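Data block below; observations after.
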Amino acid sequence: MRKFILSILFCALPLLASAQVKFGFLSYSQALQSMPDYALAKENLAKLEEQFETEMKRAEEEFNKKYEEFLEGQQEFAVSIRNKRQSELQELMQKNMAFKQEARRLLKNAEADAMKPLHEKLKAVLAKVGQQRGLAFILNTDGDALPYVDPAQGEDVTEVINRELSK
């Protein structure tokens, strides 16, 4: 991402030298987090994650209980019963691992689904503000992608974007 931004800047340097190009900059993540629906989306995701965590903990406790019972009685079990119980434990462990992987996948998808309308709204607001202010582009300052901006050359649009998002 950083290389991409730098390549855009290097391509834009000749334009900047020959004409006065206006650009804006902001922290995309800060703007996203300032949206009223962001807190609700994060709260819903946290509830979903808590449900998955509770179920994973329950499954783990069930496995541990059965494993302890197996360890306590394995000396007394006939070979066929011991083998059956070992198979059951292994199957249970595999199911638990599969559930954890599926839970991670579902949480990731739920987060993407919850954040998609927020990203779309933010992009629409960025386009609107950029056009209204006559900006050629708006740069994201997150992750040290833009360590320095001359305020005389660019405009910090954070407050404008936050006002638009709160409407």
Side-chain angles (χ1 to χ4, degrees), residues 1-64 92-167:
M1 180 69 172
R2 190 174 187 176
K3 289 180 183 179
F4 177 72
I5 292 172
L6 290 175
S7 65
I8 289 174
L9 287 175
F10 285 126
C11 291
L13 284 177
L15 294 173
L16 291 171
S18 65
Q20 184 63 21
V21 175
K22 291 173 48 179
F23 66 92
F25 57 92
L26 84 157
S27 167
Y28 187 91
S29 62
Q30 182 183 12
L32 188 66
Q33 292 171 15
S34 74
M35 297 174 75
D37 292 340
Y38 180 84
L40 179 61
K42 283 299 195 180
E43 182 180 318
N44 290 339
L45 288 169
K47 287 178 185 176
L48 182 61
E49 185 175 8
E50 184 179 326
Q51 290 173 353
F52 280 120
E53 288 291 330
T54 300
E55 180 58 23
M56 284 187 274
K57 184 176 180 181
R58 186 205 61 76
E60 188 176 312
E61 287 171 355
E62 177 187 358
F63 174 81
N64 289 340
L92 187 58
M93 185 171 64
Q94 289 171 343
K95 284 181 181 180
N96 288 350
M97 289 172 39
F99 177 73
K100 285 180 183 181
Q101 290 175 341
E102 180 68 4
R104 277 188 235 124
R105 187 188 68 77
L106 290 171
L107 282 170
K108 185 177 178 182
N109 289 347
E111 182 173 17
D113 290 345
M115 296 309 232
K116 184 177 180 181
L118 299 176
H119 286 287
E120 289 173 354
K121 181 178 180 180
L122 180 53
K123 286 178 184 178
V125 168
L126 288 170
K128 177 183 172 184
V129 169
Q131 289 173 350
Q132 287 175 345
R133 296 191 169 272
L135 303 174
F137 49 86
I138 299 176
L139 297 170
N140 182 0
T141 60
D142 291 343
D144 290 333
L146 193 62
Y148 172 75
V149 175
D150 183 352
Q153 303 292 321
E155 177 182 355
D156 185 351
V157 294
T158 302
E159 292 303 317
V160 177
I161 296 296
N162 288 344
R163 275 196 307 273
E164 286 292 321
L165 290 171
S166 65
K167 289 183 180 179

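Quick caveat: nothing in here was measured; it's all calculated off a predicted structure.
Residue Met35 holds its CE atom at 12.0 Å from CG of Leu40, rounded to the nearest 0.5 Å. Distance check, rounded to the nearest 0.5 Å: CG of Asn109 to CZ of Arg104 gives 13.5 Å. The structure places CG of Leu146 at 11.5 Å from OG of Ser27, a figure rounded to the nearest 0.5 Å. Within the model, atoms CG of Leu106 and NZ of Lys108 stand 12.0 Å from one another, a figure rounded to the nearest 0.5 Å. Taken from NZ in Lys121 to CG in Asp37, the straight-line distance is 6.0 Å, to the nearest 0.5 Å. Residue Phe63 holds its CZ atom at 13.0 Å from NZ of Lys95, rounded to the nearest 0.5 Å.
Side-chain contact between Met93 and Glu60 is absent, with no heavy atoms from C-beta onward closer than 4.5 Å. In this structure, the side chains of Glu111 and Lys116 stay at 4.5 Å or more apart for every pair of heavy atoms. Contact of the Leu122 side chain with the His119 side chain is not registered, since no non-hydrogen atoms from C-beta on lie closer than 4.5 Å. Contact annotation: the side chain of Leu26 approaches that of Leu126 to within less than 4.5 Å [non-hydrogen atoms, C-beta and beyond]. In this structure, the side chains of Leu139 and Phe23 come closer than 4.5 Å at one or more pairs of heavy atoms. Side-chain contact between Tyr38 and Leu118 is present, with at least one heavy-atom pair separated by less than 4.5 Å.
Heavy-atom contacts from other residues, nucleotides or ligands closer than 6.0 Å to CD of Glu50 number 12 or fewer. Within a 6.0 Å sphere centred on CE of Met56, other residues, nucleotides and ligands contribute more than 12 heavy atoms.
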Exercise for review: Show your working on side-chain contact (heavy atoms from CB on, under 4.5 Å) between Leu45 and Leu107 and close with a plain yes or no.
Suggested key: CA-CA 8 Å; Leu45 288 169; Leu107 282 170; 5.6 Å; no

**Study point:** Verdict with reasoning, Val129 to Val125, per side-chain contact (heavy atoms from CB on, under 4.5 Å)
**Key:** CA-CA 6 Å; Val129 169; Val125 168; 4.2 Å; yes

Review point. Does the pair Leu165 and Ser34 meet the rule for a side-chain contact (heavy atoms from CB on, under 4.5 Å), with working shown?
Key: CA-CA 8 Å; Leu165 290 171; Ser34 74; 4.1 Å; yes

Exercise for review: Evaluate the criterion side-chain contact (heavy atoms from CB on, under 4.5 Å) for residue pair Arg133 and Val160; output intermediate values, then yes/no.
Suggested key: CA-CA 10 Å; Arg133 296 191 169 272; Val160 177; 3.0 Å; yes

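Note on ring orientation: taking the six-membered ring where Trp is involved, the planes of Phe52 and Phe99 are tilted (angle from 30° to 60°).
A salt bridge between Arg58 and Glu61 is absent, with no side-chain N of the basic residue lying under 4.0 Å from a carboxylate O of the acidic one. The pair Lys47-Glu43 meets the salt-bridge criterion, with a side-chain N (NZ, NE, NH1 or NH2) lying under 4.0 Å from an Asp/Glu carboxylate O.
When all heavy atoms of Gly134 and Lys22 are compared, the pair lying nearest together is O-CB, 3.8 Å. Residues Val21 and Ala136 share a closest heavy-atom pair of CG1-CB, 3.3 Å.
With hydrogens and angles ignored, the 3.5 Å screen pairs a side-chain donor or acceptor of Asp142 with a backbone N or O of Ser29.
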